[in-house]
Amino acid sequence: MVYSLPILNKFAKFWIKKLNLEKHPEGGYFVNTYRSDKTIDLRDYNGVRYACTAIYYLLTGNQFSSFHIMKSDEIWHFYLGSSITLHILDSKGRLNEKILGPNFNDGERLQVVVKSGCWFAASVNEKKSYSLLGCTVSPGFDYRDWKMGDRKLLTKMYPQHKWIIEKYTKPD
């Protein structure tokens, strides 16, 4: 079913309001939905972390999740709207693009894992749509383990991917 932009904006606004989503620093909207009662203290993590955390995350049309890196693995879950593309730069400098969405015949997946230590960004595939997603992080998300991508630094590290880094980072 194809919807006009004003109707889709109403759907996105509905979910933003219904789920009490707030603006996310890397782009889009989010709300924390789960923090494990259990905590863990791992040698590599400079302090105690929740064993697991989860959020709802929403991007609209031209919004994107800026390149960022995390110390933990993150599982992305598709719920509603347009598919998204996860743009993942692995530790060897390879760009992998994985599509999160409901259409298995087109190679989309309902879940995609982004391994720790990879730089990654996300973009909505249908620009007149929105994407409602979930993200699960283990060990749990903590801003001490998350870093936004710096355009100049990432371009220096991965000059072969300058075009996508410039597209999915915020100007300096």
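Computed from heavy atoms alone, side chains included, the values below leave out hydrogens, waters and symmetry copies. It should be emphasised that the depicted structure is a prediction, and the values quoted were computed from it without experimental measurement.
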Query raised in the report: Is NZ or CZ of Lys167 both nearer than 6.0 Å to the six-membered ring centre of Phe64 and within 45° of the ring axis?
Result: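 No, Lys167 does not sit over the ring of Phe64.
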Test item: [X] and [Y] side chains (from C-beta on) under 4.5 Å apart, heavy atoms:
X: Trp146; Y: Pro25; result: yes
X: Phe11; Y: Leu80; result: no
X: Val137; Y: Asp145; result: no
X: Pro139; Y: Leu42; result: yes
X: Tyr158; Y: Gln160; result: yes

Decide if atom [atom1] of [X] counts as having more than 12 heavy atoms of other residues, nucleotides or ligands within a radius under 6.0 Å.
X: Lys115; atom1: NZ; result: no
X: Phe78; atom1: CZ; result: yes
X: Glu97; atom1: CD; result: yes

**Report entry** Donor-acceptor contact below 3.5 Å, side chain Asp142 vs main chain Arg144
**Finding:** yes
Query raised in the report: Can you check whether Tyr29 and His24 have ring centres sitting under 6.0 Å from each other?
Result: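 Here the rings of His24 and Tyr29 have centres that are no less than 6.0 Å from each other.
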Report task. Ignoring hydrogens and angles, state whether a donor on the side chain of Ser72 or Tyr45 is under 3.5 Å from an acceptor on the partner side chain. Result ->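 Ser72 vs Tyr45: donor-acceptor pair found between side chains.
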Report task. Scan side-chain atoms only and decide if Thr85 and Asn125 contain a donor-acceptor pair under the 3.5 Å cut-off. Result -> yes
Report task. Return the orientation label for the His77 and Tyr79 ring planes: parallel under 30°, perpendicular over 60°, tilted otherwise. Result -> parallel
Establish whether [X] and [Y] are linked, either directly or via other cluster members, by ILVMFWY side-chain heavy-atom contacts under 4.5 Å.
X: Phe30; Y: Ile16; result: no
X: Leu132; Y: Leu59; result: no
X: Val112; Y: Phe120; result: yes
X: Ile55; Y: Met70; result: yes
X: Ile88; Y: Trp119; result: no

**Report entry** NZ/NE/NH1/NH2 to OD/OE distance under 4.0 Å, Asp90 and Lys92
**Finding:**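 Not counted as a salt bridge, because no side-chain N and carboxylate O are separated by less than 4.0 Å.
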Query raised in the report: Could you state the interatomic distance from CE (Met148) to OG (Ser65), rounded to the nearest 0.5 Å?
Result: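 One finds 8.0 Å between CE of Met148 and OG of Ser65.
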